[in-house]
Participant: 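Encoded as structure tokens, here's the structure I'll be asking about.
For the numbers below, each heavy atom of this structure counts, side chains included, while hydrogens, waters and symmetry mates do not. Keep in mind it's a predicted model, so treat the numbers as computed, not measured. Each chain gets a letter, A, B and so on, in the order the sequences are listed, and its residues count up from 1.
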2 protein chains.
Amino acid sequence: MLKPVASARVVDIVREQLRGAILSGELAPGSRLSVPELARQLEVSRSPVREAVLLLVGEGLAIEHSRRGVEVVNLTLADLLELYELRASMDSLAARLAAARMSSTDLTALRGVLDAQGAAAIGDWRGFRELDARFHQIIVQTSGNRRLARHAELLSREMRLAGPLHINESWHLKQSHEEHREIERALRQRDGPAAELAMHAHLTRVAGTVAAHHRPQ
Amino acid sequence: MLKPVASARVVDIVREQLRGAILSGELAPGSRLSVPELARQLEVSRSPVREAVLLLVGEGLAIEHSRRGVEVVNLTLADLLELYELRASMDSLAARLAAARMSSTDLTALRGVLDAQGAAAIGDWRGFRELDARFHQIIVQTSGNRRLARHAELLSREMRLAGPLHINESWHLKQSHEEHREIERALRQRDGPAAELAMHAHLTRVAGTVAAHHRPQ
DNA sequence: AGCTTGAGTGTTACATGCAACAGGTAAAAA
DNA sequence: TTTTTACCTGTTGCATGTAACACTCAAGCT
């Protein structure tokens, strides 16, 4: 039983590498993405690198200044709040749809993520965020609306660029975890409207907390 | 008072041309987008054409089959309903936000579009759709959330690919126009929740009508 | 000093060359 | 006839050449 070989194109590998470097912070916000320079480092020609860089622009992770190069996006607080606003809308739609379509396997996976998150909540905010992303990802993926999943995924990645703007205090992480539990409960009971409301309340609350945290009064 | 000259890059012109050709149906859904062929027709080299084609893939107007070329997407009814579902969510958010931020100039523009639509409603469904797109565009643009505007715009373009799936019967266009009027009324009264509800009801109703029209029972 | 000018460096954007690949068709083998 | 093979055609994907452009900085001018 042989599986088809996915033709490993150079551009795909480069895209993954660059995305990883950007999301991990290795390529910091504001960094210039020089095609010749990256090509030298990755030891490939400029063509696939140029293509990959433009794809990242399309994903919203980098911004293009016509004829003056591309650089990693540097999100402001306003940008992050925009993203939360949009995700509140999209993810709550996803939650409502997912409530009606989730398989028991999906629910188990979701529960697993939450349990892991509960265990990690002690102080490891890095792992916590990772699991948070996974939680939301499972929901949008099972919504059954592929475009919703794609756009939500794009927004999710974009938000990860705002690392220093997020809040890592334990009370906030605990609160998020509680809200995740509530969403999961609604999903398990297949209560679409409740899941939708809980998701919307969750993301709106987080956005408010982030805003308050960065605007002292 | 000289205006800055926007460096007209070949890739931008090609992208516009291809987008136009696709949205107008000149390049029909399913058509293969051969880079060398298009380069010959447009009388430019393959590089900017290749780039433009990949951008269209990123916009969702074309689909890439690894090493087997790119073709114009061919939307199914299910795809169109997915798009309506997502837009119902995004556009209703936009309507709520726009209610609080619209300037009187924006409101006048919106009214102008509606009046033109009312006049065109006689039987010119082509012009009607054009104005419909403009109506929604004004609202998402004035929402103040740039990402929302960008993603909604992408969805709007994608929907235009489903030409033959749309309904052009006059009673349906009239109904849409009425609902647009209602949305505009809520916006003019700066009633965010009402605008949100009206927009959501509008798009959900349209989606339902489209579904019913294509699934006889 | 403050401002132009111009050399120098590095990049972008476009053009083009070419190997590997995909798909079709016709000839050869079963 | 059906299957296999070989060949042919056109494309994709990567590499590379290069003109025009953008930025820096230091010399020259006011």
Side-chain angles (χ1 to χ4, degrees), chain A residues 2-22 26-74, chain B residues 2-22 26-74:
Chain A
L2 301 178
K3 286 179 187 172
V5 174
S7 45
R9 296 184 304 174
V10 175
V11 62
D12 292 324
I13 300 170
V14 171
R15 181 169 48 80
E16 292 295 327
Q17 291 248 339
L18 290 180
R19 235 205 325 247
I22 289 174
E26 196 178 334
L27 283 169
S31 311
R32 274 194 90 231
L33 295 177
S34 160
V35 169
E37 178 57 29
L38 292 172
R40 273 189 291 275
Q41 291 185 21
L42 296 166
E43 298 183 40
V44 294
S45 82
R46 303 184 322 253
S47 303
V49 175
R50 179 178 171 90
E51 241 175 67
V53 166
L54 291 179
L55 288 176
L56 293 177
V57 170
E59 289 181 26
L61 298 183
I63 184 167
E64 183 180 21
H65 300 84
S66 187
R67 286 194 203 273
R68 261 172 301 157
V70 172
E71 59 182 46
V72 179
V73 172
N74 198 350
Chain B
L2 301 177
K3 287 178 187 171
V5 175
S7 44
R9 297 185 303 176
V10 175
V11 61
D12 293 324
I13 301 170
V14 171
R15 181 168 48 80
E16 292 295 326
Q17 292 248 339
L18 291 181
R19 234 203 329 244
I22 289 174
E26 195 178 333
L27 282 169
S31 310
R32 274 194 90 232
L33 296 177
S34 159
V35 170
E37 178 57 28
L38 292 172
R40 273 189 291 274
Q41 291 185 21
L42 296 166
E43 298 183 41
V44 292
S45 82
R46 305 186 320 257
S47 304
V49 174
R50 179 178 171 91
E51 242 175 67
V53 166
L54 292 179
L55 288 176
L56 294 177
V57 170
E59 289 182 26
L61 299 183
I63 185 167
E64 183 180 21
H65 300 86
S66 188
R67 286 193 201 275
R68 261 173 301 158
V70 172
E71 59 183 47
V72 180
V73 292
N74 199 350

Participant: Locate the shortest heavy-atom distance separating B/A62 from B/V70; write the atom from each residue and the value.
Facilitator: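 Shortest heavy-atom contact: CB-CG1, 3.6 Å.
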
Participant: If you compare all heavy atoms of A/A52 against all heavy atoms of A/L18, which two are closest, and at what distance to 0.1 Å?
Facilitator: CB-CD1, 4.3 Å

Participant: Taking the side chain as every heavy atom from C-beta outward, state whether A/L54 and A/E64 have any atom pair closer than 4.5 Å.
Facilitator: yes

Participant: Return the value, rounded to whole Å, for the distance between atom CZ of B/R32 and atom P of D/dT11.
Facilitator: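 Nearest whole value for this atom pair: 7 Å.
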
Participant: Do any of residues 33-44 of chain A sit with a heavy atom less than 4.0 Å from DNA chain C, and if so which?
Facilitator: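 Hits under 4.0 Å, by residue number: A/L33, A/S34, A/V35, A/P36, A/R40.
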
Participant: When you check the phosphate oxygens OP1 and OP2 of D/dC14, does a side-chain N or O of A/S45 lie under 4.0 Å from one of them?
Facilitator: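 Answer no for this pair, as no side-chain N or O of A/S45 is under 4.0 Å from OP1 or OP2.
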
Participant: Could you check how far CZ of A/R68 sits from C1' of D/dC23, rounded to whole Å?
Facilitator: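 Between C1' of D/dC23 and CZ of A/R68: 10 Å.
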
Participant: Ignoring hydrogens and angles, answer whether the base of C/dG23 and the side-chain atoms of B/R67 contain a donor-acceptor pair closer than 3.5 Å.
Facilitator: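 Counting by modelled atom types and ignoring angles, no donor-acceptor contact under 3.5 Å is found here.
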
Participant: To the nearest Å, how far apart are B/H65 NE2 and D/dT11 P?
Facilitator: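 Answer to the nearest Å: 17 Å.
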
Participant: Give me the atom names and distance for the closest heavy-atom approach of A/V73 to A/P29.
Facilitator: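 Of all heavy-atom pairs spanning A/V73 and A/P29, the closest is O-CB, 3.3 Å.
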
Participant: Starting at CD of B/E51 and ending at C1' of C/dT16, how long is that distance when rounded to a whole Å?
Facilitator: 15 Å

Participant: Round to a whole Å and report the spacing from CD of A/E71 to P of D/dC23.
Facilitator: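 It works out to 12 Å between those atoms.
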
Participant: Any side-chain N or O of A/R50 under 4.0 Å from OP1/OP2 of C/dT12?
Facilitator: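 For C/dT12, neither OP1 nor OP2 has a side-chain N or O of A/R50 closer than 4.0 Å.
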
Participant: Select one nucleotide: of D/dA22, D/dT18, D/dG13, the one nearest the side-chain heavy atoms of A/R9.
Facilitator: D/dG13

Participant: Under 3.5 Å, is there an N or O donor on one side and an acceptor on the other linking the side chain of B/R46 and the base of C/dG17?
Facilitator: yes

Participant: Check A/L27 against A/S31 and note the closest heavy-atom contact, atom names and distance.
Facilitator: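 Taking A/L27 first and A/S31 second, the nearest heavy atoms are C-OG, 3.7 Å.
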
Participant: Mind calculating the distance between CG (B/L55) and P (C/dA13) to the nearest angstrom?
Facilitator: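 About 11 Å, once rounded to whole Å.
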
Participant: Does the pair B/E59/B/R19 count as a salt bridge with the N-to-O cut at 4.0 Å?
Facilitator: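 Salt bridge: yes.
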
Participant: For the side chain of B/S47 and the base of C/dA13, is some donor closer than 3.5 Å to an acceptor across the two?
Facilitator: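 There is none.
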
Participant: Pick out which of B/V35, B/L38, B/L55 makes a side-chain contact (heavy atoms from CB on, under 4.5 Å) with B/R50.
Facilitator: B/V35

